[in-house]
Structures are given as C-alpha cells and as structure tokens.
Protein chains: 2
Amino acid sequence: MEPSVDAGAAARRAAHNGAPTLHVRFSDADAIPFPTRTVERGDALYCAGEPLRSLYTVQSGCFKTVATFPSTDDDSAPHTQVTGFHFANETLGLDGVCTNRHESDAVALEPSVVRIMPVGILEPLCREYAAMQHELLAIMSAEIVRASRLALMLGTMPARERVAAFLLDFAERLEAGATPAGEHAIALLLPMTRADIGSYLGLELETVSRTLSKLQREGAIGLNGRQVRIVDRSMLEHQ
Amino acid sequence: MEPSVDAGAAARRAAHNGAPTLHVRFSDADAIPFPTRTVERGDALYCAGEPLRSLYTVQSGCFKTVATFPSTDDDSAPHTQVTGFHFANETLGLDGVCTNRHESDAVALEPSVVRIMPVGILEPLCREYAAMQHELLAIMSAEIVRASRLALMLGTMPARERVAAFLLDFAERLEAGATPAGEHAIALLLPMTRADIGSYLGLELETVSRTLSKLQREGAIGLNGRQVRIVDRSMLEHQ
DNA sequence: CGACATTTTGAAACGAGTCAATTGGGGTGG
DNA sequence: CCACCCCAATTGACTCGTTTCAAAATGTCG
C-alpha cells in the first residue's frame, strides 16, 4: 500500500541534497522467483529494436544504456549517447514499454547478473497487487525524473559541475547499494571508460580527463586511473 | 488489449524519421467523465513540491514544464530549465508519481483547459482494465524516451540542429494534434518566448534568435516574430 | 500613446572541441 | 618471463561555437 519505499526514498534524498540522483529500483518483486541471467563484460543484455520480452533488475555488476539516433541528416554520422549507468537493484528496459521494442542497447561494463521479469507476467501481477502496481509506476516515474535531471544537467551545467555531480551521484549510489560505511575519503572504482563518462555527460573524453585532473590538483579528489577517492566532498558539491 | 495506439504510433514515427518526437498521450480515459479545469496564460497548473493529486491531460492550449535544481552549490543561482512543452492530448504530472509530489512547475503558455484525472481513481481503474494499465505504462515509458531524447539532443547536437529539430518536432505535433492538412509551407505560431526555447534546448535566447535568423536567410524557414513558416522541410532535416 | 517585455544584432571573451603526441597498463604470444 | 601491441588516459596547442555584454528595434498590453 505504501508508496514505493526504495524509489521514493531515493528521489527524496535527491531532492534534498540537490545532486541529481540517477537511479531506479524495484524491490517488491524480490519475493517472486524470477530466473536470472549472467552477462559477460562487453556483452549486450539487449539491443535497440529487439522486441521487449522482459524487464531486468541488476543483481550484481554494472550496465550502461546507449541510445542511438539516425541523425536528422541521413548521410552524417548518427547521434549516439550513453543515457545511463545502472548498478545493483536498478531496473533496465523501462523505455521499451511504449513501443514494445527496446529503445536502447544495454551493455555490461563488468560481469553481471540480472533478474528477468517477463512483461507478460509483470502486468497481470500488477493488476493483482496494488502495492506492486504502484511501485512499478513509481519506478517508471523515477526514471522520467532521472532522465529529466540528466537533460537539465546537460542543458545548464559547465563541464566541472557535470563531472563533480557525476562523481557524487556515483558515490551515493554505491553507498546506497553496498557499503553503508564511513564518510570520509570514499574510494570509487569506475567501471566505465572516460569516453563513456564523456558520452553520458555530453563532453569529449579529453574534457573529462582534464576536468578530473584539475579536481585532483585542487585537492577535491584523489585520482589514479579508474580509482577515484573523494577527498573533499563539499568541494565537489560547490562546483 | 492492443498496445497504446497513440503513444506507440508517435514513438514509431519518431524512430522512423529520426527527429526526436517529444510528446505523450493518453486516450483510453476519453470515455470517462473526468472534470476539467481552465488555466490562464502564465498561471501554474501545479508547482514543484506540491502533493500529487492528479494527472492532467491537455484538452486545449499549451503548457511548459519547468524543473528547478538547487545548484550543487548553495550560494550560486539554482539551475532551472524548461523540460518540455505540452500540447493537446498530452499528459502532465507523470514525473510526480515516484515521490507523490510534483517535480516541476507546469505553466500555461496560453489560456488552456485540462482534464483532471485523480491518481486515487486512476490506479484502481488500471487494475481493473488491462488495456488502460498498459496504456498508462506506455505513456510513462514514452515520457522516459522523450526525456532521454532531450538529453541526447542536449548532449550531442550543435545549436543549428537543436533549433531545426525543435521546429520539426513542433510542426509534427501540431499536425498530429490538429490540422492533418497540407505538406508545403506549414505555418507555426510559437506560443513560447525565445528564452523558453533556449532554456529547453540548452541555449541562450540570443543563440536561438540568431539561429532562427540564419535559417531564414538560408531559405529554410520564413520568420516573423513568433510566426514561423517551414519553407524547406528537408533543409531543416539535414541540419 | 506610453511603459515594458521581447527580439534582434554586434563585438569580444571564454569554454569546450579538435587534432596530435606521449604515457601507462593489460593481455597475448614468442 | 619478457617483448610487443593495443587500448585507455593524459596533456598541450589551436580552433571554433556559444556565451556574455551591450544597444537598438520591435511588439504588446494597459
């Protein structure tokens, strides 16, 4: 009955601290013995255009979703962009419900396991259980908010802010998903390349690299390749 | 039973011609006698933070939705952006389902009428009728796709392409909503300011104005203040 | 008609993109 | 086990698009 505990809490937290929190969960399905599937690093869970059979909840690992657009111009390169990164407990495939086809590719950034929830089963289930229906709606709504915040970030923030917000969001999601641990000097291991980050943030990979270096020089973060330590959180928040 | 006719068709059309089509509909509720409400130009249908009571379908007129973010930095100006324009038959308020509060402001750009669909009624209704449930999910999914496409546009396109895509999208939505008329020299009357357009496209209003002027000089459009004629559609498509 | 908002246009400054070269790491094969 | 290769990441110099600041023109509403 109660509104979606997970998605709701996440969104409220986001609204509270201002940093775009960009994730979506789905907990009420926990009790149901859906099958799982393992996806190797670099492999696609699904591709754009494929018929939508299931929604997926990430059990472990990490995915990126990539949207492609035939450029308005036919003869120039199509626009492509990473539209999201997805960690444990987050749900994939929601954008495909409207067309019954997946609208993006979902690619594993590391060996990952997902829970498979067939849409043919999910919809009747939601008609049966009000709480589940509400949570599915809440998850989809949270995904709308997530995408809108990404748009807002791309439309209004300079590179420094985007990268800082990305790091803060990443750190927050890890805390939420796994270690509810300490506060200071959070260590992150980024599973994605600079190019992925850049694509997601609407920046070139060189700009991402430069910005990270600059943040390190100024003492906001520690940096060693894909290992990032958040040294001064408030400094990041004040970009 | 059949998947959401309207939203699905719109998304397919978008996928086909490449131009981001950015709208969402909800037709199955037509039969139900929901009440309506009139909103004057400049007035808000709802504001961010207000408890979510209803979803709204635009009957006539036009709205903009505006998202605000307390900048990651507290003392600098908050980020704000127009996240969408909404015409007849499109549904407003979907982003509020996850938190039970509206996540953005909805402001009428002209005198408008909306149909009020209380969420307390809508959810049980969707549990009753499978087609309705599916359509609601489809609408929300379409909204996710819409927001993702906006993000993609903001992340990858230069100013010319953004403005061109905006005009094409606008024209297409008018055709779909009202005049299923001719092909050549479609006349548009933009209900929003250059500043609104710029905010939506992640550009300054001066850039929007300059870009429109340039498109006129090159013969792609006719321009007279807020009146725009699409002279050479393919030229716009090839930006 | 007058006050105010919107739009247009110009010139200069800045941020991010582009091109290019170098460094570092991880994996494979000799 | 080391050498090599490939991919990722870093850094620099230069270019270009967009923003910024400013002023004038146009439109709108009371």
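Proteins get letters first, then strands, A, B, ... in listed order; numbering begins at 1 in each. All of these numbers come straight from a predicted model, not from anything done at the bench.
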Length of the line joining [X]:[atom1] and [N]:[atom2], which is rounded to integer Å:
X	N	atom1	atom2	value
B:Leu223	C:dT6	CG	C1'	13 Å
B:Gln216	C:dT9	CD	C1'	13 Å
B:Leu109	C:dT6	CG	C1'	15 Å
B:Arg194	D:dT28	CZ	C1'	15 Å
B:Leu190	C:dT6	CG	P	15 Å
B:Leu201	D:dG17	CG	C1'	16 Å
B:Lys214	C:dT8	NZ	P	14 Å
A:Leu154	C:dG17	CG	P	11 Å

* Asked: Given axes from five pairs at either end, by how many degrees does the helix from C:dC1-D:dG30 to C:dG30-D:dC1 bend, rounded to 10°?
  ->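 For the helix from C:dC1-D:dG30 to C:dG30-D:dC1, the axes at either end differ by 40°.
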* Tell me, please, which residues at least two apart from A:Ser141 pass side chain to side chain contact (heavy atoms under 4.5 Å, CB included). =>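 With neighbours one apart ignored, the set is B:Val97, B:Cys98, B:Met140.
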* Please lay out, stage by stage, how A:Arg149 and B:Glu103 fare under the test salt bridge (charged side-chain N to carboxylate O under 4.0 Å, His left out). => CA-CA 10 Å; A:Arg149 285 183 182 171; B:Glu103 292 289 310; 3.1 Å; yes
* To do: Given side-chain hydrogen bond (donor to acceptor under 3.5 Å, both in side chains), test A:Thr57 with A:Asn89 step by step and report yes or no.
  => CA-CA 6 Å; A:Thr57 296; A:Asn89 295 317; over 6 Å; no
Nucleotide N/O of nucleotides 19-21 of chain D paired with protein N/O under 3.5 Å:
| unit_1 | atom_1 | unit_2 | atom_2 | d |
| --- | --- | --- | --- | --- |
| D:dT19 | OP2 | B:Glu204 | N | 3.4 |
| D:dT19 | OP2 | B:Thr207 | OG1 | 2.4 |
| D:dT20 | OP2 | B:Glu204 | OE2 | 3.4 |
| D:dT20 | O4 | B:Arg210 | NH2 | 2.8 |
| D:dC21 | N4 | B:Glu206 | OE2 | 3.3 |

* Do A:Ser148 and B:Thr83 meet the criterion of a side-chain donor-acceptor pair at a distance under 3.5 Å? -> no
* So, A:Thr68 versus A:His79: side-chain donor-acceptor pair below 3.5 Å or not? ->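 A:His79 and A:Thr68 do not have a side-chain donor-acceptor pair below 3.5 Å.
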* Asked: Are any of B:Ser209's side-chain N or O atoms less than 4.0 Å away from OP1 or OP2 of C:dT9?
  ->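 So the side chain of B:Ser209 is outside the cut-off, no N or O lying under 4.0 Å from OP1 or OP2 of C:dT9.
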* Asked: Just to confirm, is there a sub-4.0 Å distance from OP1 or OP2 of D:dC7 to any side-chain nitrogen or oxygen of A:Thr193?
  ->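 False: A:Thr193 side-chain N/O out of range (4.0 Å or more) of D:dC7 OP1/OP2.
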* To do: Kindly say whether the aromatic ring centers of A:Phe85 and A:Tyr200 come within a distance under 6.0 Å.
  => yes
* Is A:Glu206 salt-bridged to A:Arg194, going by a charged N under 4.0 Å from an acidic O? -> no
* Please tell me which of B:Leu205 and A:Arg160 maps to the more 5' nucleotide of DNA chain C, matching each residue to the nucleotide holding its nearest heavy atom. =>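 Here B:Leu205 is the residue nearer the 5' end.
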* To do: State which residues pass side chain to side chain donor-acceptor pair (under 3.5 Å) with A:Arg160; sequence neighbours excluded, sorted by chain then number.
  =>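 Counting only residues at least two positions away or on another chain, A:Arg160 forms a side chain to side chain donor-acceptor pair (under 3.5 Å) with A:Glu218, A:Gln239.
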* With A:Asp105 via side chain to side chain donor-acceptor pair (under 3.5 Å) - residues at least two apart -> none
* To do: Can you label the angle between the A:Phe87 ring and the A:Phe170 ring as parallel, tilted or perpendicular, going by 30° and 60°?
  => perpendicular
* Summarise protein proximity over nucleotides 23-28 of chain C in one line of letters, 5' to 3': B for base, S for sugar-phosphate only, - for none, counting protein heavy atoms closer than 4.0 Å. => ------
